[in-house]
Amino acid sequence: MGLLSILIFLPLIALALILVLPSTVKASYKYISLVFTLLQLGISLYIYQNFQGAQAGVNSLSDFQFLEQVSWIRLDLGSIGKLEIDYLIGLDGISLPLIVLSSLVMLMGIGASWNMNKSPKGYFALLMLLNTAVMGIFCALDFFLFYVFYEVMLFPLYFLIGIWGGERREYAAIKFFLYTLLGSVLMLLVIVGLYFSVINPESGAHTFNMLHMMNPANYVEGSFFSFIGNYHEVFGVPARLIGFIILFFAFAVKVPIVPLHTWLPDAHVEAPTPVSIILAGILLKIGGYGIIRVCYSIFPDMAAETNWWLALIGIISILYGALNALAQKDLKRMIAYSSVSHMGFVLLGIASLTAEGLSGAMFQMISHGFLSAALFFLVGVIYDRVHDRYIYHFRGLASIMPKYTACVAIVFFASLGLPGFSAFIGEAFVIIGAFNAESMATGIPRWMAIAGSIGIFLSAAYFLWTLQRMFFGQTRLQGGTAWQSALTDLNRRELLVLVPAISLALILGIMPSLVFGKLNASILKLIDIINPYL
Amino acid sequence: MHTSITNILDQIINSVPLLKPELALIAGFVISIFSSLFLTKINKHSTFIATLLTLVVVGYLLVEQLGQTEVGFANFWIVDPISTYARIIITIAALVITVFISHRHSKNNGDVYSILLAAILGTHVLVSTSNWLLVFIGIEMVSIASYILVGYFSKNKVQAEAAMKYALFGSVCAAIMLYGLSLIYGLTGELNFQATTHLQGLMDAPELIVSLALLFVLVGIGFKLGFVPFHLWTPDVYQGAPTSITAFLSTIPKVGALILFTRLFQAWSSTDFYFSELLEWYVIIVALATMLIGNLAALRQQEAKRMMAYSSIGHTGFLLMAIYAYQDSSAFLFFYISAYVLMNLAAFLFINQLEQQTGSTTISSYAGLGKKMPLLFTAFSLVCISLVGLPPTIGFIGKLMVFTALFDFTGEYNNTAVILLLIVGALTSVISLFFYFRIPLYAFLRKSEQDTDQKITPNILLCIGYTFTVLLIFLGLFPSLLIDLFN
Amino acid sequence: MAVPIILIIVSFLTAFYIGRLIWKTFFGNFRFAEYLDREHRLHEAPTLMLAPMLFLAFCCLAPLFSLHPLDYHSSWLMQGLHVQTTFPAMPSAHLYIPVVLTIGAILAWLIGWKWYIKHQYPFSQENKLILLANNQFYINELNERIFVKGIKRLSTSLYFIDRKVIDGLVHLFTNFIQSLSRAMHWLDKNIIDGIVNFVASGTYYLGHLVRHVQNGQLQGYLGFALTVLILGFLYLIIK
């Protein structure tokens, strides 16, 4: 049992504990969750400390760290061959930052659910299950294992949104589930296709090992997804392209890109605050991570071929999300759309195929991870107090909630990409990457970089406008004096959740090397893989 | 015609050991009739115990037959791994259903057991033969037994109507099939569909008649399997029949018909002649239509049993896909069948428990019960997840293996049919999520209108249900344990 | 070459007005006596002020910088400020420029002594140049009129442009962005989400259609099944 396995399955122990304990001690559930998530954070920080940034990983198994490989399923299917599935987990520079982020955001989520009174047993149990699934996704290197974690993640989310959500929770929950499932069942077909196209060079059997899938030498000649001389077509589209598109589609739903994003505002708005935090902070990153780990690493040729379109989608997401955010009157919905916009930068950065762009995309994911978590938490604060999030119902909050206003202002400024904060580094790197792409001949025109910067401008517009509308001016509240007394300033628990996120945004803004140092080698390796196909 | 009578007798006598499990069934059948007539007064559980013992003995005899590949009674009777595995699955399912019936209908149930045994004998015939005559006998044995089972406990008009519909629809289908069989026999002069003379006869015959005969024969199999367009009886009958019988209908006869169809498809699809292609196309179209219609129609169902009927139609479509992709190894087919049986039995066990608790099988009656019966509904939700085919359950592995088999199928990747099957197979599982998840939706997400403060008393059926649920997950994580049994 | 000469002339002028200051303040008649009333006494400055003054005065003395009056190199200040220049230094300049300056300064003082102490002031008060000099050559007025007022006027007009034209454009842009965002929101809600919901409800409706056959009538079922059968058969015939 390696450290990563402990990290992944620790929440399951918490889950078992929570389920076993009778509901007479229901106050203990949150403490159990807290202790286990803290433990997880400790482990992930330990892993971070001991991670060798120089080892690239990506497509060579030996370069992965904290590697664990146990043969799991060996099915003999006669003439179809043997199904070879391993329990294979490991970390490289791409997954490590996300692991640390996940454990941190999970902790924020637990902190945000401190006052959860509605059937806490199920709530914390599902949260722990979700935690396991999320950790598993980022660690899995076997496609089957990855898929299992990927799907297992959906059930707790369905129930978390569906049971503890807002008014239209049923709609939001099933919409979210169906959307993701649509992507993932099609992904399953591609996984099966890849399985048949790839052979484990050591055992000669077909394999689900993702790293074997990244090596062109392992492809069976003439197989469906074979690298060289692939003449297979599905409805006139080359097989590898269609495989890439389907995988991209599956992950793009998660990112989400326009026009596959419509589950997001609904899910975010209806979900309870902690779930919104986890959704925005971790789950959107699975999309970006999947694109890097799966689409780009396994289909580098198609990545090089399609990056113009991907960048275009990124640009559309940035602008479209920002414009939509500007039109929102519900604060949570506005932040949900801002997520769409910010995740567009991730896609643009990935598609730029430059070291700056890809590092920027990774950095943007990390930065957006805790910034959006902080944003949703801040929305949760006023929603908890007055059960209203309508922007125009609040005015002049600054005078009655000064600490809260300060936090909101800092997080808003950090999110809109003020230099000195993490989002600036991420967005700047993405735009630099996109700008340099033309000179690197990766096929991304300069105007895309410019369009991306318009997105930053728009994000400044909606954040500052909201700040002005809600916090400044004469205090005027929809709910009158009742609200005035209800809207107390941040308490210690809330500050305890927020301060780490804000300080992290600042620390990473000043010392981006904390992240870049660990992921640089992997990014360069990934670009080396894709470069020959440009 | 030179085979002397002694030779024939020798052969028959030599073949008798192959029939051991069936002979045990027949004996059990007789014993249970006897016991229900005379012993019930002494011990009201006597018939139940006799049936259980019979099934255990049958199971033991079947295990003995494992690995055996023999043909007896002049090619009438086949004992091979396919038939043995199928019969073992059937026997296990029958055990559960016997317990189910005894628990659910503890009074006046004497004859049910003997009829159940007769139905099982019928499925044994179906899975162990390639002879049209025996096929027909098998189908009729299962059908007639099923008609009786559906109507046996009928208390109200709906249940009687269901039994009547089932019988009428079944007889029409049987008649059509018989007509098709007579055409085939007339064209080939041979009743064994695996024999070369049979195939030769079909090839020589006029295409029109062969097409007609083929269609007619498939009507009978279609009725038993419940694929489109012969699926129409299923929802009404599943809903009308007592839950224990519905559990029986959705599993045991299906397995029998499925194995029969596999044999038929295997024998006929591998030839180079036109009707192979015809049959392949027939299977593809029927599989597509069955998956789509089954899953789409289930979207609107308000009744759990009716929904399960459509769900089983959908699964039949998926199984047809598996049959289409069938190659030399039957492992994945049996894996899917056992997964299907396991899931369906578990689902019906839970539906039955809820029926006893709330007196209703409508999904809306589950509203808010998740809080009161968390364990039951968690297990039920897991069964639903497995029915959708999501990891980490056995349903997912089954689906994955069918996809795998289909993908590998003949290596022709430009085969539009294969791609269509794959895509529809994948999309229907998305659709199916919607209706399967209505159960957890109502149970956990909705609030209940009335305050039922009933406690569920743990009983053996529920224990079996929970065991099955654990198995669903466990075998989903370690499928090798199950699939290695079929190799 | 012009710069050193101008600097030298300026030094003369400095010497002159410092000389004038000294002659006028400390020599001649005490003309201020009549303005003094009894309460205001003329007295020595307080020590607090005197001390720094003395210190500063002391610091002005040459030996403080260099004990060698002729060699500027020996000054610690120059040593401290020693810079490498690209042009060659002219050591002799350090000799004759101070000499010229000293002579010039003495001359200037002599002129001042003659003008202010001997009252042999050569210019009349009405002299144009004197007036000009008294008014600082009217530079302040020029500055006020041309620059201050002009810029004020310019800024007013620019402010007007800013408010009406540029801000107008900004507002136009803002309004444009806002209406664009509203349009996008509408698009998102009705078209994109609409498509998603349409697909969902379409599928759901399809379920309704498919279910339609299931009317509970056995004859219907058989009719349906057999119709499909016959259609299939017909297809096989005409194929």
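Every chain is numbered from 1, with letters handed out A, B, ... down the list of sequences.
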Check whether A:W72 reaches the backbone of B:F478 with its side chain - one donor and one acceptor, N or O, closer than 3.5 Å. no

Working to the nearest 0.5 angstrom, can you tell me the gap between A:I163 CD1 and B:R446 CZ? 13.0 Å

Indicate, with yes or no, if the rings of A:Y147 and B:F396 have centres closer together than 6.0 Å. yes

When rounded to the nearest 0.5 angstrom, what distance separates CG in B:L400 from CZ in A:F208? 5.0 Å

Minimum heavy-atom distance A:V152-B:P392, with the two atoms named: CG2-CD, 3.6 Å

What is the distance from atom CG of B:L390 to atom CZ of A:F177, rounded to the nearest 0.5 Å? 5.5 Å

Might you point out which heavy atoms bring B:V430 and A:L178 nearest each other, and give the distance in Å? O-CD2, 3.3 Å

May I ask you to test the A:V185-B:F403 pair for a side-chain heavy-atom distance under 4.5 Å? no

Portion of A:F144 that has a non-hydrogen atom of chain B nearer than 4.5 angstrom: side chain

Under 6.0 Å from the NZ atom of A:K121, do we count more than 12 heavy atoms belonging to anything else shown? yes

Which atom of B:A426 lies closest to which atom of A:L186, heavy atoms considered: CB-CD2, 4.3 Å

Using only non-hydrogen atoms and a strict under-4.5 angstrom cutoff, which residues of residues 122-134 of chain A touch chain B? none

Under a 4.5 Å cutoff for heavy-atom pairs, which residue among B:L427, B:V388, B:I431, B:I385 has the most contacts with chain A? B:I385

Using non-hydrogen atoms and a 4.5 Å limit, figure out which bit of A:L181 sits close to chain B: side chain, backbone, both or neither. both

Heavy-atom pairs under 4.5 Å with chain A - which of B:L441, B:L433, B:T378, B:I483 has more of them than the others? B:L433

Which atoms form the tightest heavy-atom contact between A:I73 and B:P479, and what is the distance? CD1-CD, 3.4 Å

Specify which of A:L154, A:L19, A:I191, A:L182 makes the most heavy-atom pairs with chain B at under 4.5 Å. A:L182

Nearest heavy-atom neighbours spanning A:R74 and B:D484: O-OD1, 4.5 Å

Give, as side chain, backbone, both or neither, the part of B:L481 having an atom under 4.5 angstrom from any heavy atom of chain A. neither

With heavy-atom distances below 4.5 Å as the criterion, would you say the side chains of B:L445 and A:Y158 are in contact? yes

Rounded at 0.5 Å granularity, tell me how far CD in A:E170 sits from OH in B:Y442. 7.5 Å

